[in-house]
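The structure under discussion appears below in the form of structure tokens.
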Amino acid sequence: MASLGLSVVRIGEFAWSRLEPARGGYQLDWLARAVDTLAENGLKVVLGTPTATPPKWLVDEMPGMLPVGSNGQVRGFGSRRHYCFSHLGYRAECERIVTQLARRFGEHPAVTAWQIDNEYGCHDTALSWSNAARDGFRDWLAQKYQSTEALNRAWGNVFWSMEYRSFDEIELPASAVTEVNPAHMMDFRRYSARQVADFNRLQADILRSHSPGRDIIHNFMGRTLSFDHFALGRDIDVASWDSYPLGFLEDRSDASDERRKKYLRAGDPDFQAFHHDLYRAVGNGRWWVMEQQPGPVNWAQHNPAPRDGMIRLWTWEAIAHGAEAVSYFRWRQAPFAQEQMHSGLLMPDGGKAPGFAEADRVAGEIAALGELPQTGTADVAIVFDYPSAWAWEIQPHGREFDYFRLVFDFYRGLRKLGLSVDFVSAEKPDIGGYRLVLVPGLFAWNDELLAALESHAGIVVTGPRSGSKTLDFRIPDALPPSLPTNILDLRVLRVESLRDGCPVAVPGQGAFKFWFEHAVTGALAKASAVCENGMPAIVRQKDFVYLCGWPDDQVIDSMLRSFAGELDLEICPMSGGVRMRERGDLTFLFNYGDVTAGIGEIAKQADGGGCELLLGDRRLEPSGISIIRRRKRTPPG
Ligand code: GAL
């Protein structure tokens, strides 16, 4: 590991059955030997807390800790993440094992960070429909509403005779005959997200008190929106995520078949970057890739091998977006159990797997490049909000309406113009430094966000569906988007969801897909684009813009180009699978595509214009990377 150029090793994240083979019989010496061995070789250690894999004896002692599916079935022992966040007995057990580990290893000089648990929410585990969750939910509701009258009013329980007389009558929102009350479900989502944050904080507090100066990290997942990552981000020092580009393209993408085939061995050109930027925001600027795909994985529908060069590219791309570290999962392929088909940097026999050479190369390149500039602030911000993802999952109103998908469409549009993007939480909308701010699909306004948008100097783009509910999951009295007329004088009178392939045209620009709103403007707002049916498409009032539908790629592109022009944002349209990211005065270029792309003007400047080509060259081969230090952007040829 050390001679490969690795500097940090994560271990122990699933080791409970070896750390405590029977209650109270702690066996930590083997782990101490491992940490010492790594330390002797100059490697730093991230220690995992093993709470994602409670051992069998514990589960047998406390079967109520197991999570329950929405069908009422217990999700049993035999894999991982078999615990319910609401179970207080299990939390006490976590407190116990984490305290043991923190006491023993907290001040070990090689321990540089802790990873708490592993991938909260993965395998659909943020929600549990257990008795522990039901009891906790009732308590949480009683605290929130104080009286059932208030709850009945907020939820609208007079509808279908759903009124409650006591909090003990309230069940979890599953197993009803048909659709449950969306307000009931929304509160259950909020409650469940809160349990994840509380569960995490418990461990973070213990680690902080016994292990001063070490970073506290969690490894989040791709396209996992089932709890509020921003809330959790407040209790950790570094956000990290597990990046499996090929697995995600197979299993977690909305890409067409054609696109899936095209990027089969490269991954979607925007999916990794999206998460890099999102988790940079979750970590308040500090983030890692904790697990980087090093070859074929085992868990997707199909598990192709990465194209040569992609492991290097993915690693560099994370660095371009400001990652402090990129760690590969895993070191050596395990020849046994569930992940025996998952590759590592080493093969099961200890020989070097194909990914090894790429990791070797990139480690050398990173070392050679030396210190990199700060990431800085991007030109564009997207306001991101986890509760909005829950809301539209609860009430999509049209099969395709998915929050991630909507936000990702805008993100891709920005990237295709060569713009770097930051995400900002809707709860802490620090948007002052951005000239262009996008707020797509936000479920409900909050006062802080409204104040920030109102005083913003720059263009704000909202809609579709932004502000279409109150926090109680009702249609606002003033009708959506429910904004004061001095911000936007517009009312949405009705909405329709559109079948795939049945768009509403926006002449000269493109079309709305999946979603269309019938809106009327008041005296202060004006439609700057109109649909072929004569209804407003894009409405503008000073620098505040509302989109009356889900824009297709053409509408996004033409709209972003025109706002960029107005704001004097330099764009740099990308060809095919080429993407770029700025980091300080460096521009990183990546080729996800399968044809060589010229980086024409940029390279010319690099040769003659006082700009320096630090890595790669003027032709970007498939999987190629170039790093340029330059002052001005110009489109690649
Ligand atoms: C991650 C997980 C690892 C391993 C890996 C396989 O989701 O954190 O433990 O299972 O996937 O790709």
Side-chain angles (χ1 to χ4, degrees), residues 269-270 272-282 284-285 287 317-323 372-384 407-426 428-440 442 449 452-453 455-463 538 540 542-545 547 551 553 555-575 578-590 599 601-602 605 611 627-636:
D270 301 300
Q272 288 62 252
F274 181 100
H275 290 85
H276 296 338
D277 289 339
L278 180 59
Y279 288 124
R280 193 176 57 255
V282 168
N284 299 303
W287 74 281
E317 191 178 32
I319 305 281
H321 286 253
L372 294 169
Q374 296 290 309
T375 310
T377 303
D379 288 328
V380 186
I382 296 181
V383 174
F384 196 83
V407 177
F408 192 65
D409 274 2
F410 285 95
Y411 183 80
R412 187 195 298 293
L414 291 162
R415 295 250 301 164
K416 286 202 321 210
L417 292 174
L419 290 162
S420 294
V421 181
D422 286 343
F423 285 99
V424 169
S425 151
K428 282 205 181 314
D430 191 2
I431 54 172
Y434 302 96
R435 285 184 276 172
L436 179 60
V437 176
L438 309 183
V439 196
L442 185 92
L449 177 60
L453 294 178
S455 61
H456 184 66
I459 294 179
V460 173
V461 181
T462 65
I538 302 178
R540 184 150 179 180
K542 296 193 194 118
D543 285 340
F544 202 95
V545 177
L547 295 167
D553 292 352
V555 172
I556 290 181
D557 187 67
S558 74
M559 179 183 80
L560 291 177
R561 279 173 192 263
S562 105
F563 294 149
E566 231 181 280
L567 294 166
D568 217 10
L569 294 181
E570 228 179 321
I571 59 166
C572 191
M574 301 280 109
S575 66
V578 177
R579 292 292 186 272
M580 64 182 259
R581 220 292 162 181
E582 313 236 284
R583 176 170 175 166
D585 61 348
L586 300 186
T587 298
F588 291 72
L589 287 137
F590 302 97
I599 52 169
E601 289 306 307
I602 296 176
Q605 284 187 21
C611 298
I627 306 176
I628 291 168
R629 178 174 282 133
R630 69 204 182 98
R631 272 178 237 107
K632 226 177 149 358
R633 273 191 220 161
T634 14

For residues [X] and [Y], report the shortest heavy-atom separation together with the two atoms involved.
X: Arg280; Y: Val421; value: NH2-O, 3.4 Å
X: Gly322; Y: Trp287; value: C-NE1, 3.3 Å
X: Phe563; Y: Ile459; value: CD2-CD1, 3.7 Å
X: Ala426; Y: Leu449; value: O-CB, 3.9 Å
X: Ile627; Y: Phe588; value: CD1-CE2, 3.5 Å
X: Pro440; Y: Ile382; value: CD-CG2, 4.3 Å

Check your understanding: Should the pair Phe384 and Phe274 be assigned to parallel (<30°), tilted (30 to 60°) or perpendicular (>60°) ring geometry?
Key -> perpendicular
So how far is it from [X] [atom1] to [Y] [atom2], rounded to the nearest 0.5 Å?
X: Leu419; Y: Leu569; atom1: CG; atom2: CG; value: 6.0 Å
X: His275; Y: Phe408; atom1: NE2; atom2: CZ; value: 8.0 Å
X: Leu372; Y: Asp585; atom1: CG; atom2: CG; value: 10.0 Å
X: Ile556; Y: Arg412; atom1: CD1; atom2: CZ; value: 9.5 Å
X: Glu582; Y: Thr375; atom1: CD; atom2: OG1; value: 12.0 Å
X: Leu453; Y: Asp543; atom1: CG; atom2: CG; value: 12.0 Å

Exercise for review: Would you mind telling me which of Arg583, Arg581, Arg415 makes a salt bridge (Lys or Arg N to Asp or Glu O under 4.0 Å) with Asp277?
Suggested key: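 Filter result, single survivor: Arg581.
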Check your understanding: Between the side chain of Thr462 and the main-chain N/O of Leu547, is any donor-acceptor distance below 3.5 Å?
Key -> no
A side-chain contact here means heavy atoms from C-beta on lying under 4.5 Å apart; do [X] and [Y] qualify?
X: Met559; Y: Phe410; result: yes
X: Lys416; Y: Asp557; result: no
X: Pro551; Y: Asp409; result: no

Check your understanding: Do Asp270 and Arg579 meet the salt-bridge criterion of a basic N to acidic O distance under 4.0 Å?
Key ->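 Yes, this pair counts.
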Could you tabulate the donor-acceptor pairs under 3.5 Å formed by side-chain atoms of residues 428-439, not counting sequence neighbours?
from: Tyr434; atom 1: OH; to: Asp422; atom 2: OD2; distance (Å): 2.6
from: Arg435; atom 1: NH1; to: Leu567; atom 2: O; distance (Å): 2.9

